[in-house]
Structures are given as C-alpha cells and as structure tokens.
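Written below as structure tokens is the structure these notes are about.
Each residue takes its place number in the sequence, starting with 1.
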Amino acid sequence: MTQTLHPIPDSRFPIPHAPQATPALSIGGVHKSFGKYTALEDVSLEVSPGEFVCLIGHSGCGKSTLLNLIAGLEKPSSGELRLFGHKIEGPGPDRAMVFQNYSLLPWLTVFQNVLEAVKAALPELSSVARRERTSEFLEMVGLSAHSQKRPSELSGGMKQRVAIARALAIHPKVLLLDEPFGALDAITKGRLQDELLRMWQLEGQQGGQAKNVVMVTHDIDEALYLADKIVVMSNGPRARIHEVMTVPLERPRDRARLVENPEYLRLKSHLLTLLSVVLAHPE
C-alpha cells in the first residue's frame, strides 16, 4: 500500500477544491452483477467536492461499469451511490458523460449539438441565454470558427472538444469521462488534457466550486498528470478497489518538468508495479 501524502498549501498554486463535511460522491458496498457474472463486488469510495479522480486498471476490471453506475445508466445489484447526499436513482443533469466515441448527432452542426444539450438540461433559460451559453463554451474549447460544421467535417480531437463543451455547458456537478482521449494521437491527447485541466481549474479559481471529475483511463501518465486521487481496480470478475492513491503533486503541473520529479517517478513506479506485477493477469 502506498503512503498517503498530502500537499503543503501554497498560495502560488491554488487547489480548486476545499474539504467539506458532505462527500461529493459516496459509494457504499456496491455490487453489480449481469446475470451470473459479477462485475463489481463490495466497492466503497468517497470523493471530496472538487476532486479530480481517475479510475485505472486492466480491461475487464469494472472501471466503465462503475462510471455507468455513477451516471445512473446502470443500477447497483446491492449497495448505493449518493451524490452530495442524495441517492443516485438514474441519469440526471447534475452529471454529464463524455464517451471515447464522441456520441455526437451527425445530422446537427457543432453549435446545434451543444445547444440541444443545453435546451434539455436547462429548460429554464431563455432562447437567447441558451445560445449565448452554447457560444461561450464553444469559444472556451476553441471551436467558435467551426460552429456551423457537422461532425463528419471535424478531426477526432475537434469532435472530442465538442463533446467536452456539450458536457460542460449543461453545468453538471460531476463530469464523467470514459477514456475520452484513448483514440487520439499523443499531441492531440496532450492538448486536450491541458484544455480539460484549464477549464476545471479556472472554475475553482473564479470563486465557484470546481466540478468533480471522474475519469476512466488505462494511461498511468495521464492519471498522474490529471488526478488528485487514483483509484486502482483489481482484476475482474468480482473486481474491487485494490488501492486509493493520493497524488500529492502541486498544481499547476508542468508536463515537461513533471517527468523529472522524484515524487512523480516514485508514484509511477508504484502504479507500474501494481499493474504489471501485483495485479498482472495470470498466464
């Protein structure tokens, strides 16, 4: 088990979340079975408000199943999940999900894809306010000039930016990401990681409560660069949480300098040992 370390507060590097009594997300004794197959067994986890959490583990370890349970797309076989104290009974506008395959409506423009999500999630807004909000978030991800294009006219990275803008525009409390950058080239992936961090940190530094982010990834470097906390899943079936590791690397994180940081190297070595030795798939 890794030692739990805590970063020393530093006003030069504001952390976009503060401890509160009620967890943002509470998962208690969750089991999930599909017929005779048990995907998850006795999973319990608490996430503090504003935390960025990565779920990591081998294929088949239940990462996406756990994310779907948080989204309300699946219901637990037993146990419960709570969001800010309220039991999760199904999908809701307080959670937004971004998939690896973008899930954009191909017959709509970029602007319309985001606008339709805003209409559905925020019906109290006027037509003008919805359009302004759509424009604001497309500008935030650098796609204003492409707002009238359809998904077929966009690169993979641009499609993923539309999906992220659409998710953020509905103002969810929790952003759920299922390997959103897995299919992208390394340069595009790095740029989108930086963009995601920028938007997440900006909200917290402007006086509001930063969103919680729960992200599924296979990439150790990605998890260490993005997360406050890394949840390592054991192998399935009957997957459990093997370890919860705090990432005590101060923010903002410089990708180039991070790879020479002794603490980063220690954490990476520990995760590599967990995944390649301790949790290695049997031959």
Validation row: Leu175, Leu177 side chains within 4.5 angstrom (heavy atoms): yes
Check: Asp254/Tyr225 side-chain N/O donor and acceptor closer than 3.5 Å: no
SB check Arg255 Asp221 (cutoff 4.0 Å): no
Pair Thr188-Asp185, side-chain donor/acceptor within less than 3.5 Å: yes
Shared hydrophobic cluster, Leu265 / Ile230 (ILVMFWY, side-chain heavy atoms < 4.5 Å): yes
Spatial distance of atom CG (Leu81) from atom NZ (Lys87) [nearest 0.5 Å]: 9.5 Å
Common cluster, Leu258/Leu272, ILVMFWY with side-chain heavy-atom separation under 4.5 Å: yes
Cation over ring face, Lys173 and Phe84, 6.0 Å, 45°: yes
Test: Glu132 and Arg130 ion pair at under 4.0 Å: no
Electrostatic pair Arg266:Glu263 at N-O distance under 4.0 angstrom: yes
Distance, nearest 0.5 Å, that separates CG of Leu196 from CD of Glu222: 9.0 Å
Joint cluster assignment, Val278 & Leu275, ILVMFWY side-chain distance < 4.5 Å: yes
Distance in Å, Glu46 CD paired with Glu51 CD, rounded so as to fall on 0.5 Å steps: 10.5 Å
Gap between atom CD1 of Ile220 and atom OG of Ser269 - 0.5 Å precision: 9.5 Å
Close side-chain approach of Leu83 and Ile70, heavy atoms under 4.5 Å: no
Heavy-atom neighbours of Arg191 CZ exceed 12 at 6.0 Å: no
Shared hydrophobic cluster, Leu67 / Phe34 (ILVMFWY, side-chain heavy atoms < 4.5 Å): no
Pairwise distance CZ(Phe111) to NE2(His146) - rounded to 0.5 angstrom: 15.5 Å
Verify same cluster id: Val259, Leu197 (apolar side-chain graph, 4.5 Å): yes
Pairing of Arg161 and Glu195 as salt bridge, 4.0 angstrom limit: no
Lys/Arg-Asp/Glu bridge criterion (N-O < 4.0 Å) met for Arg251, Asp228: yes
Test: Asp178 and Lys63 ion pair at under 4.0 Å: no
Scan the side chains in residues 162-170 for donor-acceptor partners under 3.5 Å anywhere in the protein, sequence neighbours excluded, and list what turns up.
| residue | atom | partner | partner atom | Å |
| --- | --- | --- | --- | --- |
| Arg166 | NH1 | Ser103 | O | 3.0 |
| Arg166 | NH2 | Tyr102 | O | 3.1 |
| Arg166 | NH2 | Ser103 | O | 3.2 |

